[in-house]
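Shown next, in structure tokens, is the structure this report addresses.
In what follows, every chain begins at residue 1, and chains take the letters A, B, ... in the order their sequences are listed. A quick note: this is a predicted structure, and the numbers were derived from the prediction, not measured. Scope of the values below: all heavy atoms of this structure, side chains included, with no hydrogens, waters or symmetry mates.
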2 protein chains.
Amino acid sequence: MTEYNDPAVRYYQEVFDQCIHYLSIDGVIFGFHQNQLKVLLLRWKGTDAWSLPGGFIRKAESVDVAAQRIMQERTGLDALYLQQFHVFGEAVRYDQEATWRKINLPVDGAKWSERTISLGYYALVEHSKVIPTPDFLTEVCAWWSLDDVPALLFDHNHIIAVALLSLRKDFNDQPLNHLLPDTFTIPELQRLHETILGLSLDGRNFYKKVMASGQLERLSERRAGTPHKAPFLYRFKPSEPTNRLPTLEAKTA
Amino acid sequence: MTEYNDPAVRYYQEVFDQCIHYLSIDGVIFGFHQNQLKVLLLRWKGTDAWSLPGGFIRKAESVDVAAQRIMQERTGLDALYLQQFHVFGEAVRYDQEATWRKINLPVDGAKWSERTISLGYYALVEHSKVIPTPDFLTEVCAWWSLDDVPALLFDHNHIIAVALLSLRKDFNDQPLNHLLPDTFTIPELQRLHETILGLSLDGRNFYKKVMASGQLERLSERRAGTPHKAPFLYRFKPSEPTNRLPTLEAKTA
DNA sequence: TGCCTTTGCGTACTTTTGACGTAAAGATAC
DNA sequence: GTATCTTTACGTCAAAAGTACGCAAAGGCA
């Protein structure tokens with residue numbers, strides 16, 4: 001019925017067949033411990049080379065589900081707060097040859113030498129609940145303070161940088177409670193804000209602001225064992241979902 | 001040297017081989033005309049079904065370059081302002097069978113029946129400069145007012161909705177000048193803000209705010225042919241790039 | 001000419017933000 | 001025990017940003 005130009009269709013199909021890609025996920029798992037923002041890194045077997053946790057997306061697997069799966073395996077947590085933040089799809093993302101030399105895998109190099117497109121996800125997790133677990137290509141999984149992160153494999157330093165910028169950008173509507181334990185003090189919350197934003201805040205103004213937000217409730221206890229005046233403990237009020245976007249539904253004709 | 005468990009490696013490689021995907025780009029091309037926000041849509045040959053412009057990412061092609069290529073072909077513009085905004089990678093994104101029926105392509109259904117992952121990009125373009133051009137599967141390329149968009153093929157209504165929310169979210173650091181002609185009036189700029197944000201603003205306060213921003217310069221002419229008092233024409237001051245993010249480079253050990 | 005709408009600019013009030021003062025709590029030094 | 005020092009938990013005050021609304025001039029139309 002429709003007059004498609006057959007050669008054009010065939011041509012298109014050929015092009016189409018060339019349009020398949022390896023798709024992976026790279027995860028920047030943020031935690032907060034001892035007043036420092038940290039990320040979870042993996043050391044590859046028999047090397048001193050580190051990378052972000054990651055993995056491949058299976059056929060017919062939802063990308064969000066794949067991200068959950070991969071991050072769950074590294075953290076032992078079962079429902080992470082994840083946020084897709086960028087697609088890393090440059091034609092040349094890093095020096096592949098140099099990278100393969102570093103991780104010297106006993107697999108067919110050709111297979112691994114194709115360009116891979118990566119979906120960047122960041123996760124906000126409660127540091128103390130994580131059980132860092134390497135995967136079968138790596139032997140150590142550990143927290144690194146953001147300031148100390150070494151030169152990583154692939155383009156992973158870049159990915160961390162972009163993740164941090166993204167986190168900073170949607171800082172205001174991000175549920176930071178995922179990064180904190182159940183109870184915490186206001187100064188601790190302030191350090192968290194400061195490290196993410198990369199600036200230092202006036203404690204007195206911070207206190208005012210955070211109290212005015214009405215999201216916190218004070219417990220009767222104070223944090224013991226501090227060198228100075230013992231600060232009160234707080235907790236996020238239940239309810240209160242932090243992330244709500246206006247609904248906007250498509251018109252169905 | 002490294003002791004990899006060989007069966008595990010083989011297994012991994014097998015899994016890996018199953019982790020290839022069709023990757024496409026869907027573009028929400030925003031334009032602004034007659035005080036309305038519009039998107040560019042395509043009508044498929046021999047049907048009355050519309051979709052967003054899109055295309056596939058070629059092997060070894062940078063995804064940003066692919067997006068540029070695809071949008072350029074539909075608009076005739078050569079350097080579009082593009083923004084990656086979301087990855088649509090659910091396992092089931094829409095009713096595939098119903099969709100194929102609607103567009104009845106004369107190609108091997110099996111090939112097209114695999115799940116495709118889409119990268120959503122939005123573009124901000126100057127409506128009057130666009131030459132809407134269909135691709136070889138479609139016969140009409142036209143602007144649709146956002147309010148009138150019909151039920152589209154695939155999950156494209158959803159994609160538009162997410163695009164609009166994203167645009168709204170990073171509204172403040174988005175160079176809206178791409179949506180406007182060289183010269184425009186303050187009320188026109190106000191309508192643009194209002195349509196994107198989905199609310200109505202007080203003209204007097206809007207005027208003050210936009211003047212205080214110092215980004216505009218007034219020309220001596222006024223817009224002729226208005227039914228009422230002729231408004232002045234303005235233009236964005238040169239220089240002044242709107243999008244600047246703090247640089248944050250990886251530490252190289 | 002009178003009436004209506006829109007533009008261009010102004011005034012006044014409220015809310016938010018930011019700078020900074022200070023007393024109480026807890027630890028340490030003498 | 002007392003002086004000192006740091007940190008917490010408030011409070012004050014002024015500048016800045018945001019919001020409500022007044023109004024005259026410009027232009028079209030009856």
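In the set D:dG27, D:dT7, C:dG8, D:dG27 carries the atom at the smallest distance from any side-chain atom of B:Ala230. Checked against D:dT7, D:dA26, D:dA9, the side chain of A:His228 finds its nearest nucleotide in D:dT7.
Where B:Pro227 and A:Arg218 each meet DNA chain D at their nearest nucleotide, the meeting point lying more 5' is that of A:Arg218.
With rounding to whole Å, A:Leu219 atom CG is found 12 Å from D:dA9 atom P. Atom pair B:Leu216:CG and C:dT7:P shows a separation of 16 Å (rounding to whole Å applied). Across the protein-nucleic acid pair, A:Leu233 atom CG and D:dT7 atom P stand 18 Å apart, rounded to whole Å. The distance from atom CZ of B:Arg222 to atom P of D:dA26 is 8 Å, rounded to the nearest whole Å. Atom CD in B:Glu188 sits roughly 14 Å away from atom P in C:dT6 (whole-Å rounding). Per the geometry, CZ belonging to A:Arg223 stands 17 Å off C1' belonging to C:dA27, to the nearest Å. If you take CZ of B:Phe232 and P of D:dA26, they are 10 Å apart, rounded to a whole angstrom.
The aromatic ring centroids of B:His193 and B:Phe171 lie less than 6.0 Å from each other.
The side-chain hydrogen bond (donor to acceptor under 3.5 Å, both in side chains) test applied to B:His178 returns no partner, not counting sequence neighbours. Qualifying side-chain contact (heavy atoms from CB on, under 4.5 Å) partners for A:Asp202, counting only residues two or more places apart in sequence or in other chains: A:Arg204, A:Asn205.
Looking at A:Gln174 and A:Tyr81, their side chains do bring a donor and an acceptor atom within 3.5 Å of each other. In summary, the side chains of B:Ser145 and B:Gln36 do present a donor paired with an acceptor at a separation below 3.5 Å, with no hydrogens or angles considered.
In this structure, the side chains of B:Asp26 and B:Ser118 come closer than 4.5 Å at one or more pairs of heavy atoms.
Residues from residues 201-212 of chain A lying near DNA chain D, meaning a heavy-atom separation below 4.0 Å, are A:Arg204, A:Tyr207, A:Lys208 in numerical order.
Looking at A:Lys229, its side chain comes within 3.5 Å of the base of D:dT8 through a donor and an acceptor atom.
Within the 4.0 angstrom heavy-atom criterion, only backbone atoms of the sugar-phosphate kind lie near A:Thr226; the bases stay farther away.
Other residues, nucleotides and ligands contribute only 12 or fewer heavy atoms inside 6.0 Å of the CG atom of A:Asp182.
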